[in-house]
Amino acid sequence: MARVPRHRRLVLPLLCLLFQGATALLFAIFVRYNHETDAALWHWGNHSTVDNEFYFRYPSFQDVHVMVFVGFGFLMVFLQRYGFSSVGFTFLVASLTLQWATLLQGFLHSFHGGHIHIGVESLINADFCAGAVLISFGAVLGKTGPAQLLLMALLEAVLFSVNEFILLSLLGVRDAGGSMTIHTFGAYFGLFLSRILYKSQLEKSRHRQSSVYTSDLFAMIGTIFLWVFWPSFNSAPTALGDGQHRTVVNTYYSLTASTLSTFALSALVSGDGRLDMVHVQNAALAGGVVVGTSSEMMLTPFGALAAGFLAGTVSTLGYKFFTPILESRFKLQDTCGVHNLHGMPGVLGAILGVVVAALATHEAYGDGLQNVFPLIAKGQRSATSQAVYQLFGMFVTLVFASVGGSLGGLLLKLPFLDSPPDSQCFEDQVYWEVPGEQENETQRPLRTGESDTQA
Amino acid sequence: MARVPRHRRLVLPLLCLLFQGATALLFAIFVRYNHETDAALWHWGNHSTVDNEFYFRYPSFQDVHVMVFVGFGFLMVFLQRYGFSSVGFTFLVASLTLQWATLLQGFLHSFHGGHIHIGVESLINADFCAGAVLISFGAVLGKTGPAQLLLMALLEAVLFSVNEFILLSLLGVRDAGGSMTIHTFGAYFGLFLSRILYKSQLEKSRHRQSSVYTSDLFAMIGTIFLWVFWPSFNSAPTALGDGQHRTVVNTYYSLTASTLSTFALSALVSGDGRLDMVHVQNAALAGGVVVGTSSEMMLTPFGALAAGFLAGTVSTLGYKFFTPILESRFKLQDTCGVHNLHGMPGVLGAILGVVVAALATHEAYGDGLQNVFPLIAKGQRSATSQAVYQLFGMFVTLVFASVGGSLGGLLLKLPFLDSPPDSQCFEDQVYWEVPGEQENETQRPLRTGESDTQA
Amino acid sequence: MARVPRHRRLVLPLLCLLFQGATALLFAIFVRYNHETDAALWHWGNHSTVDNEFYFRYPSFQDVHVMVFVGFGFLMVFLQRYGFSSVGFTFLVASLTLQWATLLQGFLHSFHGGHIHIGVESLINADFCAGAVLISFGAVLGKTGPAQLLLMALLEAVLFSVNEFILLSLLGVRDAGGSMTIHTFGAYFGLFLSRILYKSQLEKSRHRQSSVYTSDLFAMIGTIFLWVFWPSFNSAPTALGDGQHRTVVNTYYSLTASTLSTFALSALVSGDGRLDMVHVQNAALAGGVVVGTSSEMMLTPFGALAAGFLAGTVSTLGYKFFTPILESRFKLQDTCGVHNLHGMPGVLGAILGVVVAALATHEAYGDGLQNVFPLIAKGQRSATSQAVYQLFGMFVTLVFASVGGSLGGLLLKLPFLDSPPDSQCFEDQVYWEVPGEQENETQRPLRTGESDTQA
């Protein structure tokens with residue numbers, strides 16, 4: 001079988017070393033502990049831990065961290081011969097993205113006195129950026145090598161951070177759980193990138209582009225950890241107190257509803273009434289995506305259920321009807337169906353945010369308005385105006401994602417990056433030493449043959 | 001192979017849509033954020049997070065949430081051809097149960113001003129109810145279709161909530177970790193239901209009612225997450241402070257002891273000294289069940305060890321000797337052995353609660369008596385009286401579980417619910433599009449054959 | 001195949017019962033709740049939870065608990081025929097170690113009034129001791145029976161606790177995340193023990209000493225949970241406030257850098273540029289080990305990156321070049337390569353602690369010096385002096401580990417402990433009832449044959 005060409009074996013390790021070296025240098029120059037993390041700067045106000053935000057953010061952070069690595073990593077293990085690459089490249093790409101995001105977000109958000117100051121909020125935000133990169137990875141899963149992915153991550157981390165800065169800091173858009181900044185951005189960046197990298201003879205690898213029984217169960221590990229911890233994902237950066245609490249409650253119920261609609265639709269659209277594990281693995285999660293923007297708002301518990309139900313429906317229908325059309329008509333090969341799980345639910349979530357923001361009143365939010373819509377609370381904006389900004393933020397995100405993804409696609413066509421040939425996609429052996437799938441029976445003298453389940 | 005009959009394909013999706021629609025409507029009418037979750041109702045007392053119980057409950061809640069979905073879900077993946085259904089139906093049934101439990105427990109516990117008020121405590125209690133339903137699911141695993149399970153969950157959520165209300169609110173019974181309300185109730189509800197649904201020709205599916213090497217390892221994911229997070233399960237609803245702390249410590253040690261006795265007994269009762277993975281997957285967890293009632297009490301660390309040891313012993317012996325008798329003599333088919341993991345240890349836990357309550361003194365509990373036994377602290381009950389109430393609570397639970405489970409069995413016999421035929425139990429293909437177990441060798445041109453572990 | 005000899009079947013269960021009985025007796029005599037856990041001793045100072053350290057330690061504790069059981073347990077599942085033993089014996093051995101460590105560390109650290117007083121700190125420290133024992137287990141994985149492992153754990157728990165007491169309490173050494181006390185100690189204890197137990201004909205079992213595709217994916221569950229929660233591991237016992245916060249930040253970044261260097265080196269040292277899953281599973285974690293001592297110190301974010309990068313490099317090179325030499329020249333069979341993941345990175349981490357301690361100044365730490373280096377803050381030691389103590393602590397640890405491991409090896413040669421013969425290593429069937437690897441095709445009437453991925 002075709003291996004990595006000899007003269008190109010050095011591309012991946014050299015990129016790793018180069019990127020890590022340059023990033024470490026920038027860390028040495030710019031990155032410092034913030035006042036809560038530095039031994040010399042931080043003091044207990046009154047010998048209590050009360051004022052230390054770290055303790056109110058840390059459990060959510062750990063949940064988000066699990067989601068990025070366990071959740072996204074294992075969700076992509078569903079391919080029968082690409083499990084090593086799915087978890088392995090998740091690991092590689094996310095690790096580097098965490099460092100870059102720290103630098104980029106730091107320059108934009110916490111740069112003062114010539115230094116970036118980091119603490120647990122930096123870790124959460126870096127994980128969010130890694131989430132967006134992994135969503136894009138899902139669109140091109142199996143069709144890109146690790147060197148390509150590293151360059152994708154670099155470009156995407158830059159554009160993610162700039163887009164996020166424009167939305168959150170310049171436009172005053174609210175998007176705590178990232179329906180726009182993470183899901184919409186990550187999905188369309190990946191989709192446009194995948195479009196540019198269109199592989200016209202991918203049918204040569206089609207026999208590997210499916211799951212096996214075991215790989216589907218591994219993928220469910222990813223699904224369930226994403227599902228269970230999504231309340232922490234959406235609430236990690238919200239205001240402490242009622243803000244985090246409400247976000248948790250809304251996300252929890254939204255996910256139950258998207259699960260229900262996913263099962264209902266999956267059975268309805270199949271020819272024979274049987275359920276499709278692909279829908280359960282993915283569309284059931286759409287409830288978390290769709291309330292990413294609005295879950296910190298006064299969405300109401302019913303609103304959370306309705307949003308989740310809609311997202312699960314749209315996502316399942318997308319897998320059944322839309323993904324095949326995207327590929328056949330638009331030459332858009334979307335391995336994990338990120339358009340269904342992140343793209344459409346992300347846009348829906350942005351629009352839901354527009355609607356809920358437009359309905360914001362001083363009466364409904366009371367003093368809490370300051371936390372959710374500070375510009376409205378200060379009288380600088382009306383609710384309608386905030387809604388318009390929210391909508392504008394969505395379009396900005398779509399522009400950044402589509403232009404960025406297209407540029408990324410061109411970048412990833414650089415020949416020295418070694419895209420796998422169309423006939424060798426979805427195959428771990430191109431990149432990994434792969435052991436056999438089961439032990440050699442002839443070398444197994446200990447087998448007793450007593451089990452009646454052995455052939 | 002037999003598929004779902006054509007004219008019945010709509011039962012599952014219609015039930016999902018009907019139930020979700022009705023539940024969402026009830027949410028719209030009745031469910032509101034509580035004062036800690038509502039932006040307008042909630043205020044920082046003194047600009048600190050001190051008084052916000054949310055932050056002291058949230059980490060435990062997340063652990064419980066992991067236990068319900070990852071723990072129970074994967075624990076049931078041990079069957080060789082029923083992994084999709086185990087995790088998938090767990091997902092489906094638990095999602096709907098969370099919504100119903102919110103409504104039912106809300107009406108009983110937090111209904112005022114015409115509304116149910118929800119916050120993180122609602123989420124914890126809903127997860128507890130889902131835990132009970134999943135225990136019952138374990139008894140009928142592989143022998144019931146998803147439409148049946150949805151109806152089971154609806155009935156069980158109602159009876160669970162009523163039974164819990166009677167015990168905790170009317171009888172003043174203490175049962176933080178749910179030895180009675182969750183484990184005893186869930187187990188006997190499922191067992192009586194399974195008895196009514198007795199499948200006389202189940203031997204036709206017997207070749208599928210066993211594990212394979214990989215499915216046993218997947219099941220261990222469930223076991224270990226249950227084991228590790230059980231301290232959070234028992235402590236999630238207890239009084240803050242020493243109550244939660246003591247519950248954590250007691251549960252932690254009880255589980256270590258049940259693990260020890262499980263290994264000892266498993267080796268002792270096998271014919272050849274070898275261990276049985278079924279025991280390790282299940283009986284090792286009995287230490288968490290058995291201290292569900294008493295772990296918030298002054299059980300003492302030694303008491304926790306003794307209780308756990310006893311529970312692991314009883315549970316392992318149950319798997320070896322009692323389960324076969326239940327099936328052959330009492331026509332009780334208990335797929336996961338919930339009688340051994342939840343039934344007997346639950347009853348033992350209830351009795352342990354009786355004993356420890358009877359031993360409660362003002363001296364031993366000090367001011368903490370108010371938190372653990374408020375009625376004794378107020379002088380409204382003696383310790384003996386509390387013990388009698390605890391015992392009575394156990395019998396109430398057994399009555400609710402047995403009558404409810406029997407009714408549930410009759411309900412699930414409704415023909416349009418499509419129970420799988422006896423010859424097609426424990427088989428995912430009845431309900432799922434199932435991929436192959438391994439890739440097609442003949443379609444795999446990339447295989448190098450270099451691995452010496454490949455045949 | 002050879003089973004456990006008839007007359008020796010009782011060794012494991014009797015050891016379990018004996019050890020559990022004796023330990024429970026010691027618990028009854030000595031172990032009591034501490035003032036935060038006892039209902040009668042504990043009071044809310046001011047009706048707030050502010051002063052209750054439990055709530056600031058509990059999330060970290062749960063993460064550590066997950067790491068010990070899920071992380072170490074599944075990391076060792078990589079062997080194709082030893083998954084049951086890997087997770088099962090992890091469960092068994094760690095459970096008993098938690099009880100013993102509670103007693104041993106309690107006698108040394110919290111014994112007063114004739115009693116050991118336990119709380120959540122006891123649980124964290126017991127889990128740390130279990131971590132060390134599981135590291136040693138990794139060195140002898142597949143070559144020792146469960147009875148041997150129980151004796152190993154007993155001896156190792158004693159020596160771990162004494163060594164830890166000498167370092168932390170007598171020498172005033174700082175080692176929050178245990179580069180010395182956990183990783184160096186656990187690794188060299190296991191390696192010396194493995195040396196004594198050298199199996200000269202292990203090539204007879206060599207065909208089982210490798211992974212299969214699925215077992216490597218299970219192992220990645222362990223890897224990723226270890227990776228994600230390592231910040232909690234290193235920070236669990238540090239000072240509240242900036243200490244924990246800084247430790248989390250340092251560990252997080254160190255791990256990203258060790259992941260990068262692992263991928264770079266893995267590709268560089270392979271013959272054909274392909275990556276090796278063994279490196280990713282293990283060396284990527286070295287960044288957590290190497291900052292175990294220094295992550296609570298003012299390491300700086302750059303320092304964390306540099307340390308992690310170095311550790312990943314050394315660890316990957318160790319797997320490639322050093323492990324084969326250890327076995328061929330030094331007769332040291334190290335199944336999991338703990339020398340590469342825990343041994344060398346642990347020693348590196350100790351040395352890094354020496355350097356960072358030597359650089360400590362009042363200026364850099366401010367008031368925080370009291371928390372990190374109390375003896376320097378009090379003027380009882382200079383930074384240089386502290387560094388010398390740190391270095392001395394490393395040598396003490398190496399002496400305890402090597403002498404203890406050697407003694408342990410002799411102990412485990414006791415014939416009644418039944419070491420598996422050289423030809424039956426890495427094989428679950430010696431100790432477990434093992435089901436087949438896949439269902440019997442001929443007994444599967446439901447298979448439709450419609451899937452084109454089935455042969």
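Residue numbers start from 1 in every chain, and the chains themselves are labelled A, B, ... in the order their sequence lines are given, proteins ahead of strands.
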*Tell me, for B:Ile221 versus chain C, whether the close heavy atoms (under 4.5 Å) come from the side chain, the backbone, both or neither.*
both

_With a 4.5 angstrom heavy-atom cut-off, is it the side chain or the backbone of B:Ala306 that approaches chain C, or both, or neither?_
neither

*Given a strict heavy-atom distance threshold of 4.5 Å, which part of C:Phe30 is in contact with chain B: side chain, backbone, both, or neither?*
neither

*Pairs flagged by salt bridge (Lys or Arg N to Asp or Glu O under 4.0 Å) wherever residues 56-80 of chain C is involved - sequence neighbours left out*: C:Glu53-C:Arg57

_Assess the residue pair C:Trp432 and B:Asp216 against the criterion (side-chain contact (heavy atoms from CB on, under 4.5 Å)); give the C-alpha distance rounded to whole Å, side-chain angles, the decisive distance to 0.1 Å, and a yes or no._
CA-CA 12 Å; C:Trp432 299 85; B:Asp216 269 327; over 6 Å; no

*Name the region of B:Ala284, side chain, backbone, both or neither, that has any atom closer than 4.5 Å to a heavy atom of chain C.*
side chain

*For the residue pair C:Leu26 and B:Phe302, establish whether any side-chain heavy-atom pair is separated by less than 4.5 Å.*
no

*Looking just at side-chain N and O atoms, do C:Thr102 and B:Tyr253 make a donor-acceptor pair shorter than 3.5 Å?*
yes

_So C:Ser95 and B:Trp227, do their side chains get closer than 4.5 Å, heavy atoms only?_
yes

*For C:Phe218, is it the side chain, the backbone, both, or neither that has a heavy atom closer than 4.5 Å to a heavy atom of chain B?*
side chain

*Locate the shortest heavy-atom distance separating C:Pro13 from B:Ala264; write the atom from each residue and the value.*
CB-O, 3.3 Å

*asked:* With ring-ring contact (aromatic ring centres under 6.0 Å, His included) as the criterion, how do C:His65 and B:Trp230 come out once you've worked through the C-alpha distance, each side chain's angles and the decisive distance to 0.1 Å?
replied: CA-CA 11 Å; C:His65 212 38; B:Trp230 214 298; over 10 Å; no

*Spacing of B:Ile224 atom CD1 and C:Thr90 atom OG1 [to the nearest 0.5 Å]*: 7.5 Å

_Whether B:Arg246 side chain and C:Glu36 backbone form a donor-acceptor pair below 3.5 Å_ = no

*Checking B:His245 side chain against C:Phe54 main chain: does a donor-acceptor pair fall under 3.5 Å?*
no

*Under the 3.5 angstrom rule, does the side chain of B:Arg274 hit a backbone N or O of C:Val430 as a donor-acceptor pair?*
no

*Going by atom types only, do C:Tyr58 and B:Ser232 share a side-chain donor-acceptor pair under 3.5 Å?*
yes

*For B:Asp272 and C:Glu433, what are the C-alpha separation, side-chain angles and deciding distance, and is it a side-chain contact (heavy atoms from CB on, under 4.5 Å)?*
CA-CA 9 Å; B:Asp272 55 5; C:Glu433 304 285 343; 3.2 Å; yes

*Begin with the C-alpha distance, continue with both residues' side-chain angles, and end with the deciding distance and a verdict on side-chain contact (heavy atoms from CB on, under 4.5 Å) for B:Thr300 and C:Phe27.*
CA-CA 9 Å; B:Thr300 79; C:Phe27 261 64; over 6 Å; no

*Report the relative orientation of the aromatic rings in B:Phe263 and C:Phe89; use parallel for angles under 30°, tilted for 30 to 60°, perpendicular for over 60°.*
tilted

_Quick check on the interface: out of C:Val68, C:Leu25, C:Thr23, C:Leu92, who has the most heavy-atom pairs with chain B under 4.5 Å?_
C:Leu92

_Quick check for you: to the nearest 0.5 Å, what is the distance between C:Thr37 atom OG1 and B:Gln244 atom CD?_
12.0 Å

_Side-chain donor-acceptor contact under 3.5 Å, B:Tyr365 with C:Asp38_ = no

*asked:* I need the B:Leu305 CG to C:Gln99 CD distance, nearest 0.5 Å.
replied: 5.0 Å

*Quick one: OG on C:Ser86 to CE on B:Met220, what's the gap to the nearest 0.5 Å?*
10.5 Å

*Could you tell me which residues in residues 14-22 of chain C have at least one non-hydrogen atom under 4.5 Å from a non-hydrogen atom of chain B, sorted by residue number?*
C:Cys16, C:Leu17, C:Gln20

*Which bit of B:Pro301 comes within less than 4.5 Å of chain C, counting heavy atoms only: side chain, backbone, both or neither?*
both

*Would you mind checking which part of C:Val77 comes under 4.5 Å of any heavy atom in chain B, side chain (CB onward), backbone (N, CA, C, O), both or neither?*
side chain

*asked:* What verdict does the ring-ring contact (aromatic ring centres under 6.0 Å, His included) test give for B:Phe229 and C:Phe69, after you've listed the backbone C-alpha separation in whole Å, the side-chain angles of each residue and the deciding distance to 0.1 Å?
replied: CA-CA 11 Å; B:Phe229 284 151; C:Phe69 287 85; over 10 Å; no

*Once you round to the nearest 0.5 Å, how far does CZ of C:Phe91 lie from OG1 of B:Thr259?*
4.5 Å

*Report the option among B:Ser60, B:Ser266, B:Ala257 that has the most heavy-atom pairs separated by less than 4.5 Å from atoms of chain C.*
B:Ala257

*Would you mind telling me which of C:Thr97, C:Val70, C:Leu150 has the largest number of heavy-atom pairs within less than 4.5 Å of chain B?*
C:Val70

*With a 4.5 Å heavy-atom cut-off, do C:Phe84 and B:Leu217 have their side chains touching?*
yes

*asked:* Determine whether C:Asp428 and B:Tyr213 satisfy the following criterion, side chain to side chain donor-acceptor pair (under 3.5 Å), listing intermediate values before the conclusion.
replied: CA-CA 10 Å; C:Asp428 274 338; B:Tyr213 197 71; 2.4 Å; yes

*asked:* Could you walk me through whether B:Val249 and C:Val120 satisfy the side-chain contact (heavy atoms from CB on, under 4.5 Å) test, starting with their C-alpha distance in whole Å, then the side-chain angles of each, then the deciding distance to 0.1 Å, before giving a yes or no?
replied: CA-CA 7 Å; B:Val249 168; C:Val120 71; 5.9 Å; no

